[in-house]
Trainee: 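I have a structure I would like to understand better, so I am pasting it below and will then ask my questions one at a time.
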Protein chains: 2
Amino acid sequence: MSSERASGAATLEEVAAAAKVSLATASRAINGSARKVNPEYRERVLAAARTLNYSPNLAAQAVAKGGTSTVALVVADISDPYFSSIASGVMRAAEERGLIVTIGSTERRPPRETALVRVLRGQRPRSIILVGSRLAAQESDRELGDELKAFEKAGGRVTMVSQPQLPFRTIDIRNREGAAALAAQLVNHGYRSAAVLTGPADLLTARERATGFADAFAEYGHPIDERWLVPGDFTRDGGFLAAAELRRRGLGEVELIFAVNDVMAVGAMAYLRSTGVRLPEDVAIAGFDDIYSLRDITPALTTVSLPLELIGRKAVELALDDDQDGDSRVPIHGVPVLRESTPLLVHA
Amino acid sequence: MSSERASGAATLEEVAAAAKVSLATASRAINGSARKVNPEYRERVLAAARTLNYSPNLAAQAVAKGGTSTVALVVADISDPYFSSIASGVMRAAEERGLIVTIGSTERRPPRETALVRVLRGQRPRSIILVGSRLAAQESDRELGDELKAFEKAGGRVTMVSQPQLPFRTIDIRNREGAAALAAQLVNHGYRSAAVLTGPADLLTARERATGFADAFAEYGHPIDERWLVPGDFTRDGGFLAAAELRRRGLGEVELIFAVNDVMAVGAMAYLRSTGVRLPEDVAIAGFDDIYSLRDITPALTTVSLPLELIGRKAVELALDDDQDGDSRVPIHGVPVLRESTPLLVHA
DNA sequence: CTGTTAGCGCCTTCAG
DNA sequence: CTGAAGGCGCTAACAG
């Protein structure tokens with residue numbers, strides 16, 4: 001029937017032909033800079049584009065211009081509310097700037113992080129944003145760092161949301177301070193003995209929170225016995241299991257349990273409750289993050305509130321602003337929020 | 001010092017030069033199909049690529065091959081656990097197939113949906129997957145449908161996770177049946193009077209769940225008075241406010257409240273609790289979705305369980321499998337899960 | 001198997 | 001302001 005190809009999108013050339021102008025003019029009318037093309041031509045081109053349902057081929061533009069308008073986001077697990085909240089902020093900020101976001105999930109496996117970056121790099125994104133705790137083992141970061149450096153050398157930008165462990169721009173979440181501030185407030189509330197569900201030993205975020213809390217608690221005169229530091233996964237189930245282990249070790253004297261994130265706290269609460277422990281009467285509990293969808297659990301969870309969405313926004317700002325050192329840091333401070341799960345403790 | 005350009009990634013041509021082979025050979029060694037290149041050359045090329053930190057330019061490949069290995073995902077709100085769970089499934093399935101996923105959020109604004117598709121289309125993804133309820137107003141879908149059709153005509157694939165409202169492949173979540181099944185079980189549990197927090201009137205998903213439940217409940221002999229159907233947003237706050245409105249209308253005789261999704265149910269619970277209503281003693285409550293991170297709320301929430309991750313996987317399968325009609329449907333059935341929030345009701 | 005040569009779709013000088 | 005032509009990085013015939 002018509003001369004349209006059965007498959008394949010309309011091309012700029014076809015649009016130009018339909019509008020009876022040159023390819024160059026069509027290009028200028030559609031994607032070129034401001035009013036530089038005769039209004040009449042412009043109209044014709046736009047009309048042709050519309051009827052042909054033209055959609056500019058971003059890949060072609062990218063190779064022609066030598067650059068994309070894409071940002072790549074790498075998270076550990078998109079179904080975890082911590083990451084999805086940050087992702088939400090990243091996406092909003094990106095969209096405001098007309099950027100497309102490409103996303104990858106490491107599923108909490110460090111090697112996948114490097115593999116992902118390797119692939120994403122091929123996209124030539126303006127920036128690669130890595131969200132997620134670094135590990136203590138520097139070794140695993142070696143390859144990743146190399147890959148990232150190569151990306152930077154080629155003109156890309158790297159932004160990390162985690163620990164300023166690698167030499168890139170980073171949103172530095174002050175876990176240690178946040179946990180310490182929480183400890184301070186809880187001591188003020190009368191707590192004297194605490195247990196800490198520390199999370200994975202090699203996860204920096206977990207470690208900073210755990211030691212930040214424990215150190216502060218000790219500093220205020222209540223050192224935490226090592227047997228009350230129980231490790232586990234950084235997940236709900238990790239919290240559940242850790243609580244079980246804690247109980248096995250006997251938690252008779254423990255007044256308060258600090259889980260290094262909210263999700264773990266919730267898991268711990270589920271376990272404790274299942275064994276008849278009353279919360280917060282028998283034991284108080286606190287988390288970290290202040291996950292939005294968890295604000296309605298009972299008892300309301302004391303935690304350290306982090307501006308997750310904002311962190312996402314800041315990450316893209318940091319990634320895209322020119323006047324930034326290649327390794328500048330933006331500190332983010334969490335604020336302790338005391339709720340029902342840690343009532344005032346009056347000692348007899 | 002060296003001849004490396006200060007900026008810009010290494011190019012295949014540079015790799016070829018460094019390895020002293022032709023561009024074509026380098027291409028074949030790195031991205032070409034199987035063993036067709038002399039092992040020695042291959043080694044040289046790979047070595048050169050490594051030292052130059054070469055990363056294939058995906059955009060260029062896309063232009064040359066006339067196709068990408070990307071899938072575009074459009075969700076209403078990535079920070080909502082419902083969507084992030086589905087997104088997780090999509091990403092996993094995509095990664096298994098070596099696909100990169102690009103993601104966009106409509107922020108629950110229908111017009112943005114069309115705008116997003118328009119942009120994403122430029123990427124020439126293999127498929128565009130739209131996740132989120134359709135609206136009742138056909139009108140808003142008109143433009144979107146056109147855009148999507150154009151995308152398909154150009155060889156792309158469209159997959160929807162929602163209602164089979166538009167003529168594309170769709171994962172059809174049987175909300176109506178799920179809600180009806182829940183109603184049946186609750187009637188068996190002794191419930192005779194229910195209120196429904198119906199969500200937004202124009203959101204099909206909400207509507208199907210609400211009427212599915214109400215119709216079934218009526219069918220079993222317990223029609224629901226219209227004043228106990230209270231609308232609201234599809235969010236936690238929507239549930240909170242709807243519960244408040246419900247209470248205003250007097251919920252004395254209501255034994256059970258069905259919120260059309262878990263998040264709303266949680267909001268409603270928060271409100272009720274804040275006014276001294278005991279759950280589930282004073283009133284039972286149920287939701288829909290079975291959001292993972294909400295499984296530990298108290299009392300444990302009765303709901304209709306949906307395999308969210310699986311839905312995401314199926315969406316990419318449906319999108320990519322060739323032996324599928326352009327408008328095939330895959331039904332997904334939710335299963336009612338009764339928990340503490342709806343105890344057996346024994347009438348005096 | 002290898003190298004040469006066209007393009008892919010688009011942008012961008014560069015002359016008219 | 002417009003059109004012709006070259007080039008972006010890579011793949012895919014096509015000859016050697």
Side-chain angles (χ1 to χ4, degrees), chain A residues 4-5 7-45 48-49 52-70 121-125 154-156, chain B residues 4-5 7-45 48-49 52-70 121-125 154-156:
Chain A
E4 287 177 34
R5 282 172 302 166
S7 157
T11 184
L12 222 210
E13 189 174 7
E14 298 173 337
V15 173
K20 299 184 190 308
V21 297
S22 74
L23 214 197
T25 300
S27 172
R28 292 192 270 252
I30 295 187
N31 314 301
S33 41
R35 9 185 100 275
K36 286 208 141 197
V37 60
N38 182 313
E40 187 187 338
Y41 284 0
R42 159 178 242 92
E43 277 316 309
R44 286 217 314 254
V45 172
L52 289 181
N53 248 313
Y54 174 72
S55 167
N57 185 322
L58 264 25
Q61 287 188 162
V63 357
K65 312 214 258 219
T68 68
S69 49
T70 291
R121 190 146 85 83
Q123 287 251 42
R124 301 289 184 272
Chain B
E4 287 178 35
R5 283 172 301 166
S7 156
T11 186
L12 222 208
E13 190 174 4
E14 298 174 336
V15 172
K20 299 184 189 308
V21 298
S22 74
L23 214 199
T25 300
S27 171
R28 291 190 272 251
I30 295 186
N31 314 301
S33 40
R35 8 184 100 274
K36 287 207 139 197
V37 60
N38 182 314
E40 188 186 337
Y41 284 0
R42 159 179 242 91
E43 276 317 309
R44 286 217 314 256
V45 172
L52 288 181
N53 247 312
Y54 173 73
S55 166
N57 184 322
L58 263 26
Q61 286 187 165
V63 177
K65 308 214 262 219
T68 68
S69 51
T70 291
R121 191 146 84 84
Q123 286 250 40
R124 301 291 185 273

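Every chain is numbered from 1, with letters handed out A, B, ... down the list of sequences. Since the structure is predicted, the reported quantities are computational estimates derived from the model, not experimental observations.
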Trainee: Could you state the CG-P distance from A:L52 to C:dC10, rounded to the nearest angstrom?
Mentor: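 Taking atom P of C:dC10 as the reference, CG of A:L52 is at 12 Å.
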Trainee: Any side-chain heavy atom of A:V45 within less than 4.5 Å of one from A:V15?
Mentor: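 Contact flag for A:V45/A:V15 side chains = yes.
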Trainee: What are the two closest non-hydrogen atoms of A:A9 and A:E14, and how far apart are they?
Mentor: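 Looks like O-OE1, 4.3 Å.
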Trainee: Is the distance from OP1 or OP2 of C:dC10 to the nearest side-chain N or O of A:N31 less than 4.0 Å?
Mentor: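 Checking A:N31 against C:dC10: no side-chain N or O falls below 4.0 Å of OP1 or OP2.
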Trainee: So does B:T25 get a side-chain nitrogen or oxygen closer than 4.0 Å to the phosphate oxygens (OP1/OP2) of C:dT2?
Mentor: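 Checking B:T25 against C:dT2: no side-chain N or O falls below 4.0 Å of OP1 or OP2.
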Trainee: Measure CD/A:E13 against P/C:dC10 and give the value in whole Å, please.
Mentor: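 Atom-to-atom, A:E13 to C:dC10, this comes out as 9 Å.
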Trainee: Closer than 4.0 Å, any side-chain N/O of B:Q61 to the OP1 or OP2 of D:dT11?
Mentor: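 For D:dT11, OP1/OP2 do have a side-chain N/O of B:Q61 under 4.0 Å.
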Trainee: Under 4.5 Å between any side-chain heavy atoms of A:N53 and B:R121, yes or no?
Mentor: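 Side-chain contact under 4.5 Å: yes.
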Trainee: Check the phosphate of C:dC8 against A:N57, side-chain N and O only, distance under 4.0 Å to OP1 or OP2. Yes or no?
Mentor: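 A:N57 to C:dC8 OP1/OP2: no side-chain N or O under 4.0 Å.
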Trainee: What is the distance from CD1 of B:I30 to P of D:dT11, rounded to the nearest Å?
Mentor: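 After rounding, the reported distance stands at 9 Å.
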Trainee: Any non-hydrogen side-chain atom of B:T68 less than 4.5 Å from a side-chain atom of B:Q123?
Mentor: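 Not touching, per the 4.5 Å side-chain cut-off.
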Trainee: Using a cut-off of strictly less than 4.0 Å, decide whether A:T11 has a side-chain nitrogen or oxygen near OP1 or OP2 of C:dC10.
Mentor: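 Answer yes for this pair, as a side-chain N or O of A:T11 is under 4.0 Å from OP1 or OP2.
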Trainee: Classify the side chain of A:R28 and the base of D:dG3 as holding, or not holding, a donor-acceptor pair under 3.5 Å.
Mentor: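 Yes, a donor-acceptor pair under 3.5 Å.
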Trainee: Check this one for me: any side-chain N or O of B:S27 less than 4.0 Å away from OP1 or OP2 of D:dT11?
Mentor: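 Yes, such a contact exists.
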Trainee: Closest approach of A:R42 and A:A29, non-hydrogen atoms and distance?
Mentor: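 So the two residues come closest at NH2-O, 3.7 Å.
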Trainee: If I take atom CG from residue B:L52 and atom OG1 from residue B:T11, how far apart are they, to the nearest 0.5 angstrom?
Mentor: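 Here the rounded value is 10.0 Å.
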Trainee: Mind calculating the distance between CD (B:E14) and P (D:dG9) to the nearest angstrom?
Mentor: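 Between P of D:dG9 and CD of B:E14: 8 Å.
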Trainee: What are the atom names and distances for every N/O pair under 3.5 Å that joins the protein to nucleotides 5-8 of chain D?
Mentor:
{"from": "D:dC8", "atom 1": "O2", "to": "A:V63", "atom 2": "O", "distance (Å)": "3.2"}
{"from": "D:dC8", "atom 1": "O2", "to": "A:A64", "atom 2": "N", "distance (Å)": "3.2"}

Trainee: For a quick test of reading the model, state the closest non-hydrogen atom pair linking A:R44 to A:K20 and the distance between them.
Mentor: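 Closest pair (atom of A:R44, atom of A:K20, distance): NH2-O, 3.3 Å.
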Trainee: CG of A:L12 versus C1' of C:dG7: gap in Å, rounded?
Mentor: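 Taking atom C1' of C:dG7 as the reference, CG of A:L12 is at 17 Å.
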Trainee: On DNA chain C, does the nearest nucleotide to B:R124 precede the nearest nucleotide to B:V21 from the 5' side, or the other way round? Give the residue.
Mentor: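 Its nearest nucleotide being more 5', the pick is B:V21.
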